[in-house]
2 protein chains.
Amino acid sequence: MPPTTTQPRKTPKQERSAATRARILAAGAEVFGEHGYAAGTTNRIAERAGLSIGSLYQYFPNKDAILVQLMRDHVEAGVGEIARRLGDVAGLPEGLEERVALFVDAAMANHAGNPRLHRVLFEESPVPADLRAELDRAEAWAVDVVAAMPAEEPSVRVGEPRLAAYVVVSTIESLTHRYLAGGDRYGSPEAFARHVVAMVTAYLRGA
Amino acid sequence: MPPTTTQPRKTPKQERSAATRARILAAGAEVFGEHGYAAGTTNRIAERAGLSIGSLYQYFPNKDAILVQLMRDHVEAGVGEIARRLGDVAGLPEGLEERVALFVDAAMANHAGNPRLHRVLFEESPVPADLRAELDRAEAWAVDVVAAMPAEEPSVRVGEPRLAAYVVVSTIESLTHRYLAGGDRYGSPEAFARHVVAMVTAYLRGA
DNA sequence: GTCTATAATTAGATAGAC
DNA sequence: GTCTATCTAATTATAGAC
């Protein structure tokens, strides 16, 4: 008799495999964050993950594959975080300022996790062309989302809405990254976020 | 008889040496820009500079020294450009918007030279701790300069002026870098600059 | 599936002749 | 001062036993 429950479910073997993969990625995040890209060697990652170098290569074809997956995960988390907050219609704020704050808070949360790693990933590592394209698509998605907002928000009066949306997305992404990578030398995270929100809001309302 | 003109002047030998150094740096800029950091090997740089690898090491102690010098030159050019424009008192604009535009234009000019190289330098290369400190000092200088502006500009009403100055500096530096590194997908350089100026100005004037 | 040992590659840097 | 030839060192990645 065939099993009654054959719905797609991971076999124990696949689960173990996925867990090992996750362990390698976690180790990679630690090692890259601590040692940087060049000194973040596969041997160190394997050691940190508690397995041998030979086993590591059973799960990832090369060093950069680990790095790329970490980058991908980070971007996906960011996109997912924004999408989740936007989808949460019940709590979607009405005012422009509150909506901007939603994006800023999501970006701060996304980058706050491991600033040191984030810096290594995006300031010190070579980005393959295909991942670069993926990052551009994520940016384009965010631009679309932001560009759709003004239509339903009468207080927005800035011209060239698509360029404006790009400026907004770039500003939030770049500034939060830079602030968190550089340390809070000029103010608390809360104060900084407040200023970014104020700047973007003032911009969107028109001068 | 001793030479009548012994005023500090470079001997021909020093001039030749400086010229070779400059040739290596120019070659380094090209090679790093074309191949990236890792593939920008010293052998390639020497070849491009038209001398042997052995000679290259007469002028620079190691690969990173070439890279660091390129970074330093870029930052110095940026600082110099702003200082020059600020020092040009006759032409220093009166209005807030025009002053902000001065900074934005300087940043655009500084990054526009070789965006590809700039990207390799600051997104793909390891930054030594001492250079990092130097970059931070340059940023602090720019923050001081910007922070000094509101005092004499009644239309500035943003709170926490030092944090605001940091936000302004970060915004201009980050956005121009990002725009020029990413290509003008969302608008012309002029339109982009106009938007950045509008955003920063609106911010400084208060919401 | 995991390990150890090692091969293969390659770049950075140096020695020493000219 | 410049060159050629080479060395050293380190890393990625693989082979093959268990």
Side-chain angles (χ1 to χ4, degrees), chain A residues 10-71 120-121 124-128 131, chain B residues 10-71 120-121 124-128 131:
Chain A
K10 293 193 182 85
T11 70
K13 190 187 293 181
Q14 286 171 329
E15 281 173 17
R16 257 184 64 89
S17 173
T20 306
R21 224 184 111 88
R23 247 176 46 224
I24 295 171
L25 287 172
E30 290 180 20
V31 170
F32 282 128
E34 291 170 19
H35 296 88
Y37 172 70
T41 66
T42 48
N43 276 292
R44 261 198 254 261
I45 295 173
E47 184 187 359
R48 184 70 64 99
L51 39 64
S52 73
I53 180 66
S55 295
L56 182 146
Y57 276 93
Q58 298 284 331
Y59 294 85
F60 291 91
N62 53 53
K63 167 175 166 164
D64 283 348
I66 301 174
L67 191 90
V68 165
Q69 189 58 50
L70 288 172
M71 291 175 164
V120 170
L121 290 184
E124 196 186 317
S125 302
V127 179
L131 181 60
Chain B
K10 293 191 182 85
T11 71
K13 190 187 291 179
Q14 285 172 331
E15 278 172 21
R16 257 184 65 89
S17 173
T20 307
R21 224 185 111 90
R23 246 175 49 224
I24 295 171
L25 287 172
E30 288 180 22
V31 170
F32 282 129
E34 289 169 21
H35 296 87
Y37 172 70
T41 66
T42 48
N43 277 291
R44 261 197 254 262
I45 295 173
E47 183 187 359
R48 184 71 64 99
L51 39 64
S52 73
I53 180 67
S55 294
L56 182 146
Y57 276 94
Q58 297 284 332
Y59 294 86
F60 290 92
N62 54 53
K63 167 174 167 163
D64 283 348
I66 300 174
L67 191 90
V68 165
Q69 189 59 49
L70 288 172
M71 292 175 163
V120 170
L121 290 184
E124 196 186 318
S125 303
V127 180
L131 180 60

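Letters go in sequence order (proteins before strands), and every chain restarts at 1.
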K.L.:
Give one of base, sugar-phosphate or nothing for B:F60, where a contact means two heavy atoms less than 4.0 Å apart.
P.N.:
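Counting heavy atoms under 4.0 Å across all strands, no contact is made by B:F60.
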K.L.:
Tell me: CD1 of B:I66 to C1' of C:dG12, nearest whole Å?
P.N.:
11 Å
K.L.:
Round to the nearest Å and state the distance from B:I45 atom CD1 to C:dA13 atom P.
P.N.:
11 Å
K.L.:
Hey, does A:R23 have a side-chain heavy atom less than 4.5 Å from the side chain of A:L51?
P.N.:
yes
K.L.:
Could you tell me whether A:R16 contacts a base, only the sugar-phosphate backbone, or nothing, with contacts defined as non-hydrogen atoms closer than 4.0 Å?
P.N.:
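Sugar-phosphate only.
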K.L.:
Figure out the CD1/C1' separation between A:I53 and C:dA7, and round it to whole Å.
P.N.:
14 Å
K.L.:
Is there a side chain to side chain contact (heavy atoms under 4.5 Å, CB included) between A:L67 and A:F60 once you walk through the steps?
P.N.:
CA-CA 10 Å; A:L67 191 90; A:F60 291 91; over 6 Å; no
K.L.:
Quick one: B:Y37 OH to C:dA11 P, roughly how many Å, whole number?
P.N.:
13 Å
K.L.:
With the side chain counted from C-beta on, respond yes when B:E34 and B:R44 share a heavy-atom pair under 4.5 Å apart, and no when they do not.
P.N.:
no
K.L.:
Round to a whole Å and report the spacing from CG of A:D64 to P of D:dT11.
P.N.:
15 Å
K.L.:
State whether B:Y57 places a side-chain N or O below 4.0 Å from either non-bridging phosphate oxygen (OP1 or OP2) of C:dT14.
P.N.:
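No, outside the criterion.
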K.L.:
Please determine whether the number of non-hydrogen atoms from other residues, nucleotides or ligands lying under 6.0 Å from atom CD of B:E47 exceeds 12.
P.N.:
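Count not over threshold, so no.
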K.L.:
Grab the CG-P distance between B:N43 and D:dT6 for me, whole Å please.
P.N.:
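It is 15 Å, rounded to the nearest whole Å.
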K.L.:
Students often get this wrong, so: under 4.0 angstrom with heavy atoms, is A:T41 touching a base, only sugar-phosphate, or nothing?
P.N.:
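Sugar-phosphate contact only - A:T41 comes under 4.0 Å of backbone atoms but never of a base.
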K.L.:
Looking at A:S55, I'd like to know whether one of its side-chain N or O atoms comes within less than 4.0 Å of OP1 or OP2 on C:dG1.
P.N.:
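For C:dG1, OP1/OP2 do not have a side-chain N/O of A:S55 under 4.0 Å.
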K.L.:
Any side-chain N or O of A:Y59 less than 4.0 Å from the OP1 or OP2 oxygen of C:dT2?
P.N.:
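Affirmative; the distance criterion is met.
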K.L.:
By the 4.0 Å heavy-atom rule, please label A:L51 as base, sugar-phosphate, or nothing.
P.N.:
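Counting heavy atoms under 4.0 Å across all strands, the contact made by A:L51 is with sugar-phosphate only.
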K.L.:
For a quick check of understanding: with a heavy-atom distance under 4.0 Å over all strands, which category does B:N62 fall into, base, sugar-phosphate or nothing?
P.N.:
sugar-phosphate
K.L.:
Starting at atom CD of B:E47, determine the distance to atom P of D:dC3, rounded to an integer number of angstrom.
P.N.:
12 Å
K.L.:
Base, sugar-phosphate, or nothing: which does A:T42 touch, judged by heavy atoms less than 4.0 Å apart?
P.N.:
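Sugar-phosphate contact only - A:T42 comes under 4.0 Å of backbone atoms but never of a base.
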K.L.:
For B:F32 and B:I66, what are the C-alpha separation, side-chain angles and deciding distance, and is it a side chain to side chain contact (heavy atoms under 4.5 Å, CB included)?
P.N.:
CA-CA 10 Å; B:F32 282 129; B:I66 300 174; 4.3 Å; yes
K.L.:
In whole Å, I'd like the distance from the CD atom of A:Q58 to the P atom of C:dT4.
P.N.:
14 Å
